[in-house]
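Have a look at the structure below before the remarks.
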Amino acid sequence: MKSPLLSLPGAVPAEGVDEGVAAHYGDLFREQRALADGTGFVDLSHRGVVTVSGDDRLSWLHLLLTQHVSELPAGEATEALILSAHGHIEHALYLVDDGTTVWAHVEPGTQDALIAYLESMKFFYRVEVADRTADIAVVHLPAGSIAEVPDGVVVRETAYGRDLFLGRAELESFAASHGPAAGLLAYEALRVEQHRPRLGFETDHRTIPHELGWIGTAVHLQKGCYRGQETVARVQNLGKPPRRLVFLHLDGSEVHLPVAGTEIRVADEGPEGRKVGFVTTSVRHHELGPVALALVKRNVPVDARLLAGDTAAAQEVVVEP
């Protein structure tokens with residue numbers, strides 16, 4: 001679904017999974033600085049929007065999600081995962097309940113599979129699941145923003161800013177009164193700086209929550225059963241995850257960023273050394289320079305100098321080994 005805000009001056013379309021919104025509006029670092037200062041907004045209207053309504057919505061979702069939501073207060077934001085039977089991450093949901101309906105935004109294109117799963121688990125529960133992507137757009141206001149929210153808009157407020165569930169027909173008028181717009185690359189740069197994982201970027205088919213630091217923020221360890229809980233409990237109580245998320249400071253003299261999937265090796269073993277991980281997201285940050293998130297094997301020493309392809313990289317611990 002193509003955003004009407006791609007018609008704004010300087011808009012350059014994003015590619016891949018983020019197609020449909022602007023990557024930037026002509027000045028990546030200016031847009032980053034604006035967000036860091038709490039001004040402007042980000043068009044996230046390409047993300048999927050799913051609602052769950054009905055009297056049993058919270059108790060029902062509590063059975064399916066990794067997060068404790070049975071008593072989620074109205075207006076309180078949270079995030080949650082849906083795992084496979086083996087504990088691998090399948091979906092990431094960013095939630096808020098408005099008192100009658102749970103609103104969630106999810107990765108672009110994942111809403112159909114999510115809804116199919118939720119529908120298959122309804123049984124006798126009094127719930128209604130709906131895809132609202134066609135009429136509701138997600139817009140992000142950065143932390144510190146004092147912008148007014150239009151009446152009737154559901155807001156999901158976190159330490160990183162406010163996610164607005166805005167009527168898609170209101171996007172252009174919202175942009176006119178809440179600018180300047182910042183592109184997705186600016187938003188992603190701050191996400192990487194904040195060490196926040198993203199489904200489909202920091203995850204692959206075998207990722208478990210412990211590897212990304214999602215324990216606590218998206219996984220509640222004291223709640224009842226859900227699919228994949230045995231793996232979560234076993235790793236938490238008896239072992240360590242096989243991989244861990246790291247933050248990389250990349251050699252700033254390199255012209256090109258290592259792309260997602262670039263192999264990581266220990267620098268002391270040279271460019272032909274054993275592979276110990278891979279880059280998940282790389283960005284150019286307005287203050288830190290080129291940085292990245294990556295998954296590496298848990299036993300890689302925290303002080304080891306790394307190579308991301310041909311680029312030297314110093315690691316910063318995100319998930320403890």
Side-chain angles (χ1 to χ4, degrees), residues 14-19 23 28 32 44 46-47 79 81-84 87-94 106-110 160 183-215 217-219 235 240-252 254 256-267 273-285 288-302 304-321:
E15 299 178 345
V17 69
D18 290 320
E19 183 179 2
L28 173 61
Q32 284 187 38
L44 299 179
H46 63 316
R47 293 184 64 81
E79 55 188 80
L81 309 174
I82 290 177
L83 307 181
S84 73
H88 302 136
I89 300 168
E90 292 189 344
H91 294 281
L93 296 80
Y94 299 85
V106 299
E107 287 298 323
T110 66
Y160 306 109
L184 197 67
L185 290 180
Y187 179 84
E188 284 287 282
L190 299 188
R191 177 183 73 82
V192 170
E193 177 195 10
Q194 295 154 353
H195 306 166
R196 293 189 290 135
R198 182 179 173 189
L199 182 77
F201 286 64
E202 279 62 59
T203 67
D204 58 20
H205 67 283
R206 59 191 180 96
T207 306
I208 60 175
H210 302 75
E211 296 177 321
L212 303 183
W214 253 329
I215 300 298
T217 59
V219 179
V235 174
K240 295 283 189 178
R243 303 176 296 182
R244 58 184 178 88
L245 186 68
V246 296
F247 180 74
L248 299 180
H249 294 270
L250 301 170
D251 180 0
E254 296 289 341
H256 301 290
L257 289 172
V259 299
T262 298
E263 295 181 350
I264 293 176
R265 292 175 167 80
V266 176
R274 61 193 171 94
K275 175 187 173 184
V276 297
F278 58 93
V279 172
T280 58
T281 306
S282 60
V283 297
R284 296 192 185 277
H285 191 275
L288 301 175
V291 292
L293 292 175
L295 273 178
V296 300
K297 293 181 178 179
R298 178 175 56 85
N299 59 3
V300 174
V302 297
R305 296 180 302 114
L306 303 176
L307 285 174
D310 297 327
T311 303
Q315 61 174 308
E316 186 176 309
V317 174
V318 176
V319 174
E320 294 289 340

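Below, all heavy atoms of this structure are taken into account, side chains as well, without hydrogens, waters or symmetry copies.
Taking OG1 of Thr110 as the start and NE2 of His91 as the end, the distance is 6.5 Å to the nearest 0.5 Å. A distance of 11.5 Å separates CZ of Arg305 from CD of Gln315, quoted to the nearest 0.5 Å. If you take CZ on Phe278 and CG on Asp204, they are separated by 4.5 Å, rounding to the nearest 0.5 Å.
When every heavy atom of Leu83 is checked against every heavy atom of Pro209, the shortest pair comes out as CD2-CG, 3.9 Å. Heavy-atom minimum distance, Arg265 versus Gly273: NE-O, 2.5 Å. Nearest heavy atoms, Pro321 versus Lys240: O-NZ, 3.7 Å. Across Arg284 and Leu28, no two heavy atoms sit closer than the pair O-CD2, 4.3 Å.
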If you apply the rule side-chain contact (heavy atoms from CB on, under 4.5 Å), what do you find for Leu184 with Leu44, and how did you get there?
CA-CA 8 Å; Leu184 197 67; Leu44 299 179; 3.4 Å; yes

I'd like to know whether Arg198 forms a side-chain contact (heavy atoms from CB on, under 4.5 Å) with Thr281, so could you lay out the CA-CA distance, the side-chain angles of the two residues, the decisive distance to 0.1 Å, and finally the verdict. CA-CA 9 Å; Arg198 182 179 173 189; Thr281 306; 5.9 Å; no

- Query: Stepwise, does the side-chain contact (heavy atoms from CB on, under 4.5 Å) test hold for Ile208 with His88?
  - Reply: CA-CA 5 Å; Ile208 60 175; His88 302 136; 3.8 Å; yes

Could you go step by step and tell me if Glu202 and Trp214 meet the side-chain contact (heavy atoms from CB on, under 4.5 Å) rule? CA-CA 11 Å; Glu202 279 62 59; Trp214 253 329; over 6 Å; no

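The salt bridge (charged side-chain N to carboxylate O under 4.0 Å, His left out) analysis of residues 306-321, with sequence neighbours excluded, yields no pairs.
Looking at heavy atoms from C-beta onward, Leu248 lies in side-chain contact with Ile264 at the 4.5 angstrom threshold. Between His210 and Val319, the closest side-chain pair of non-hydrogen atoms is not below 4.5 Å.
Applying the side-chain hydrogen bond (donor to acceptor under 3.5 Å, both in side chains) criterion to His46, with sequence neighbours excluded, gives Asp18. Judged as a side-chain contact (heavy atoms from CB on, under 4.5 Å), and not counting sequence neighbours, Ala260 has no contacts. Listed by chain and residue number, nothing satisfies the side-chain hydrogen bond (donor to acceptor under 3.5 Å, both in side chains) test with Arg206 (two or more places apart in sequence, or in another chain). Partners of Glu19 by salt bridge (charged side-chain N to carboxylate O under 4.0 Å, His left out), not counting sequence neighbours: none found. Residues forming a salt bridge (charged side-chain N to carboxylate O under 4.0 Å, His left out) with Glu90 (at least two apart in sequence, or on another chain): Arg227. For Gln194, the side-chain contact (heavy atoms from CB on, under 4.5 Å) criterion is met by Tyr160, Leu190, Arg196, not counting sequence neighbours. Residues forming a side-chain contact (heavy atoms from CB on, under 4.5 Å) with Pro258 (at least two apart in sequence, or on another chain): Leu250, Thr262, Val279, Ala308, Thr311. Applying the ring-ring contact (aromatic ring centres under 6.0 Å, His included) rule to His195 yields the partners Phe247; only residues at least two apart in sequence or on another chain are considered. Judged as a side-chain contact (heavy atoms from CB on, under 4.5 Å), and not counting sequence neighbours, the contacts of Leu199 are Ile89, Ala92, Glu107, Thr203. Contacts of Glu211 classified as side-chain hydrogen bond (donor to acceptor under 3.5 Å, both in side chains), with partners at least two apart in sequence or in another chain: Arg243.
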Determine all donor-acceptor pairs shorter than 3.5 Å in which one atom belongs to a side chain in residues 290-301; sequence neighbours excluded.
| residue | atom | partner | partner atom | Å |
| --- | --- | --- | --- | --- |
| Arg298 | NE | Pro241 | O | 3.0 |

